[in-house]
Amino acid sequence: MKIIKKKQIIIVLIVILVLSMVFSLGIGGGRFQISDLLSFLQPSSLLPTEKTILFEIRLPRLILSVLVGAALSLSGAVLQGLFQNPLVDPYVLGISSGGAVGAIVAILSGISLGFITLPLFSFLFALATTFLVLRLGQMGHKMPLEIMLLAGVAIGFFFSALISLGMFLAGENLHQMVFWIMGGFWNSSWNKVYTLLPFFLIGFPIIFSYSRELNTFLLGEKVAESMGVEVEKTKKILLIVTSLLVAASVSVSGVIGFVGLVVPHIIRIIIGEDHRQLLPASLFLGSSVLLWADIFSRTLLHPVELPVGVLTSLMGAPFFIYLLRRKKKGW
Amino acid sequence: MSKLRIIAILTILILAFSSTITISFSQPLSATDATGFTLSLSQPPNRIISLAPGNTEILFALGLNDKIVGVTTYCDEPIEALKKEKIGNVTEIDLEKILTLQPDLILASSLTPEETVARLHELSLPVFTLKSDTIEEVIEDITKVAVLSGVEISGSNLIKTMKDQLKKINDLSQSIPDYQKPLVFHIIWHDPIWTAGNSTFINEFITLAGGKNLAEDIQGYSTIDFEEILKRNPSIITVIENHGKNEENQLYQFVTTDNRLQTVAAIKNNQVYLIDSNLVSRPGPRVVSALQYFAQIIHPEIFGEYQNQEINSK
Amino acid sequence: MVSFSLSVKNLFFSYGDRKVLHNVNFNIQKGDFVGILGPNGSGKSTLLHLLSGLLMPDTGSIFISGKNTQELSRKNWSQEIAIVFQETNLNLDLECYDVIMMGRFPHWRRWQKENQQDIDSVLNALQITNTQQFANRPFRELSGGEKQRVMIARALAQEPNILLLDEPTSHLDILHQLDIMRILFLLQKKDITILGVFHDINLVSQFCNQVMFLKKGVIVHRGLVGKSLHAPQVEELFDVEFLEEIHPYSLRPFFMPLGIVKKIESPSASIHLICGGGSGSNFMKEFLEAGFSVSVGIVNQFDSDQEMASKLGIPVMIEKPFSPISDDNFQKAINLAAQSDYIFIAPGYWGRGNLKNLDLAISLQERGKKIFFLQDSLDRNWDYTEGLAINKLNLLAQHHAEVFSSFTELIDRIKKDCLK
């Protein structure tokens, strides 16, 4: 596919994202209301309640779902490229289990530092888990990725056991734990957006700057290194940056699955493996996908809110099976 | 609404009547529980085990504290319950322990796993399941326990007091016109926002107390879209208060300080009230007290000011 | 002072306890095309990995264009040396143009865009490797040989001074093997130094100008192909016997392994073969395979039996071309043949020129040597000496020469004797 066509597709994805964001501003009361949308343009004419709804609830929520969708699918694409393994998702290094355990510890211990308690604990535990896995997977100066995958799986199992234990001990806090783990954007606030934003503003450009390195990984680590790529340094930087992004995402919105795994594959089928287009396209598609999943979570059973993580898995699983059956490439 | 009230009152009268009939016509100690199982005891039980905190409260309220040989780890009311032998929590029950305690009456609840109840039946243990969804059903359950335990006479005081209080509140609130019924939002947790819809005790409390449940179109306990809270604009918010969980009540902090709720009438008019979580979630002798508190919160002009010890001490 | 393109000093490398390379030293000049040969496990691949910086030596230094590699950054190293590996069964969707463009990586800074120089370099690489028609096709659609050419193009896009190749043709069919060797040969003209590990001696002999023998981690030989690449060195390297020929077209050495014939350390018997005109070649082979040592004589120079014997390294008594057998050579032949256990006369034509060989047999018989020949030899049609040859053969038979009806019988007879 010519590069012009690929860029056109990316532009289409951006347009879809922007339109979806605008559309979601008008989603309330379980349906789309054009009046809500128009009132955005004249904020001064709004009642305080309406203003709060639009600017304090809907706007931060949609921004958060867009950012998290972007972070997860971008990280998924990067990790799939690093590990050269199609089954890899952003949680491969145990981040989600670590984050969940952190949240559970925060809930069970009863420690309260205000509203940042849960996100802070889950973020710290998520990071700690990742660094544990990185450390376990390291051999001297090298980071053999197959070993790291295994370490991630092992740690993941162990932490899953801890999560089960935590739920068992939860008692009346069980609901809270379960909902956190299922993932959702119900309590999106500007605070959460501000906490996440620096991670994304710094993380995204760093990742994009390594697009060409990721392409060289397609030829194999040996060939890449012989072409001047600092393979170990690249691995380290990309693993750390994606871990920060994913840990931050998990800490504010729980464990949302499938977006990071499936979106990059969809893009690969449409655009191909060149990371210079794959990465931005995954980012934009992932944002839209998660945004729409959140829209559905708010509207399907209004006024009850479904957990977004459940929706993405429900949407993702049949799609993934469809992808498997297509199995065009050697992936 | 008034039709419902009439039915409610009639039901109460009929139940009150039928329970007296039950008491006078059946000689052996016998009652039928929520699962349809009829338990008959040849003599009043001396070794009673409770499988739920609400049931424990019922036993204490009926003056049967000396007969209690086993309770759950969650049974903390009254304080004497803490001293009793523990047989597990509400969902994980130590069957061996129960066997060694040789109970002659076991009170299960709706929270007890069905397999556990089935197992107890298999072991030929006298297990009686209390399951209630309304205040009237709670009173009925208390009556059954009184019958089974042979304390109908002494228990009837408690039952009568509860029924009288219920009736009084009902009478007072049924005269309140619809437009004077404030919209009440009961919040159980904030992350996600968790509330009580219809078919819950909370709903009954709010309704019988002369208020309207913000979440009445939602079935059972559920999440709710944040926007709806703002849109529906409740005038009163009741907040669950956990025991000894945090130094400052996180939920209360959230409700009173989150900037998105600032426009809500309840916040603006300082109509945020703490309610003890155990009080409103246990089917037991205190249900009518719970209703009373809700009544005070919602209509202090009729029922008097709501006094919450916790709030006053802050 | 000639500055070398590549210079290796005192290189040692081991994988843990296993020593792989031992005190490797060599210099290579710009434009050399060096073929590295050696048996499996000799460390050839490891050497290339060290030269390209994928592995670090235990001790020793490598100098590329005069610069010590320890002072080179990863990128700079890749600007000097590019390496192509054995196989690519990668299933890449990327277009070949993009794959080759990746080779420009060492010349880019982090956010640098592709410029005209990059494009020129890629186009140049496409042209040299003759892969222009693949530029816009997905890499995975190509055949193995075509993929290798694209990989070489990728390496060339790095614009290296030195190109390393690790068995680049091992999995390719002959057409693609030669394609690639030709490309490399032409690259040499552009002053690119090439170092390639090959499994095929003949590819090295036909295309390289220098050869390096690596055995058990040590360089055992090094030099120009014309001087250093001959049968004895090759045989010592691989422990296999080779036949060396001159390739009729390229006029370079060409090696043919002698099947399963191994150096006979201790032959069970020795046979002197009287033959000529091609009659003996097959028997030489049969005797060698049976585990016997052979000597041949007397044959004229340029006789095909003489050439075969020489190639096989068999001791042979040679007479001047087109000349009758001299007395001097006759005596020498007797001395030679006397060292054998048996004398075998191969069936063939007899003329005035080689009749004396039968006299040789008679003299040897008088000295007590066992003479063997086949029934076929007594066929009159072979005799162009008007019966003289047949008479001599009958004479030999009368004096207890053994006549066999088939060669197999003869072999069996000798083997039986050996067991005694």
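Just so we're on the same page: letters track the sequence lines, and every chain starts at 1. Below, each value reflects all heavy atoms present in this structure, side chains not excepted, and no hydrogens, waters or symmetry copies.
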Scan side-chain atoms only and decide if C:Ser45 and C:Asp166 contain a donor-acceptor pair under the 3.5 Å cut-off. yes
ask   = Counting only heavy atoms not in C:Lys30, do more than 12 fall under 6.0 Å of its NZ?
value = yes
_Side chains of A:Phe123 and A:Leu244 in contact at under 4.5 Å (non-hydrogen atoms)_ = yes
Subject >> Electrostatic pair C:Arg104-C:Asp118, nearest N-O below 4.0 angstrom >> reply: yes
Residues of residues 63-85 of chain C with a heavy atom under 4.5 Å from any heavy atom of chain A, in residue-number order, are C:Arg74, C:Lys75, C:Ser78, C:Ile81, C:Ile83, C:Phe85
Which of C:Ile194, C:Leu163, C:Ile28 passes side chain to side chain contact (heavy atoms under 4.5 Å, CB included) with C:Phe33? It is C:Ile194
When the 4.5 angstrom heavy-atom criterion is applied to C:Leu94 and chain A, the contacting part is both
Under 4.5 Å to a heavy atom of chain A? For C:Arg154 that would be side chain
If one checks every heavy atom of C:Arg137 against chain A at 4.5 Å, the contacting part turns out to be neither
So C:Tyr15 and C:Phe13, would you call those rings parallel, tilted or perpendicular, with 30° and 60° as cut-offs? perpendicular
Applying a strict 4.5 Å limit to non-hydrogen atoms, the region of C:Met101 in contact with chain A is neither
Against chain C, residues from residues 222-240 of chain A with at least one heavy atom under 4.5 Å, in numeric order, are A:Lys222, A:Val223, A:Glu225, A:Ser226, A:Met227, A:Gly228, A:Val229, A:Glu230
Practice problem: Under the side chain to side chain donor-acceptor pair (under 3.5 Å) rule, what do C:His176 and C:Asp179 come out as? Steps first, then yes or no, please. | Solution: CA-CA 5 Å; C:His176 293 109; C:Asp179 258 345; 4.8 Å; no
Step by step, work out the side chain to side chain donor-acceptor pair (under 3.5 Å) result for C:Ser5 and C:Thr193.
-> CA-CA 7 Å; C:Ser5 179; C:Thr193 312; 2.9 Å; yes
Find out whether A:Ser73 and A:Leu285 are in side-chain contact, i.e. whether some heavy atom of one side chain is under 4.5 Å from a heavy atom of the other. no
Note, C:Asp120 side chain near C:Asn124 side chain (heavy atom, < 4.5 Å) | no
Review point. Quick one: does NZ or CZ of C:Arg110 land under 6.0 Å from the six-membered ring centre of A:Tyr210, within 45 degrees of the ring axis?
Key: yes
The reported gap from CG in A:Leu218 to CG in C:Asn91 (rounded to nearest 0.5 angstrom) is 11.5 Å
Turns out that what part of C:His49 lies under 4.5 Å from chain A's heavy atoms comes down to side chain
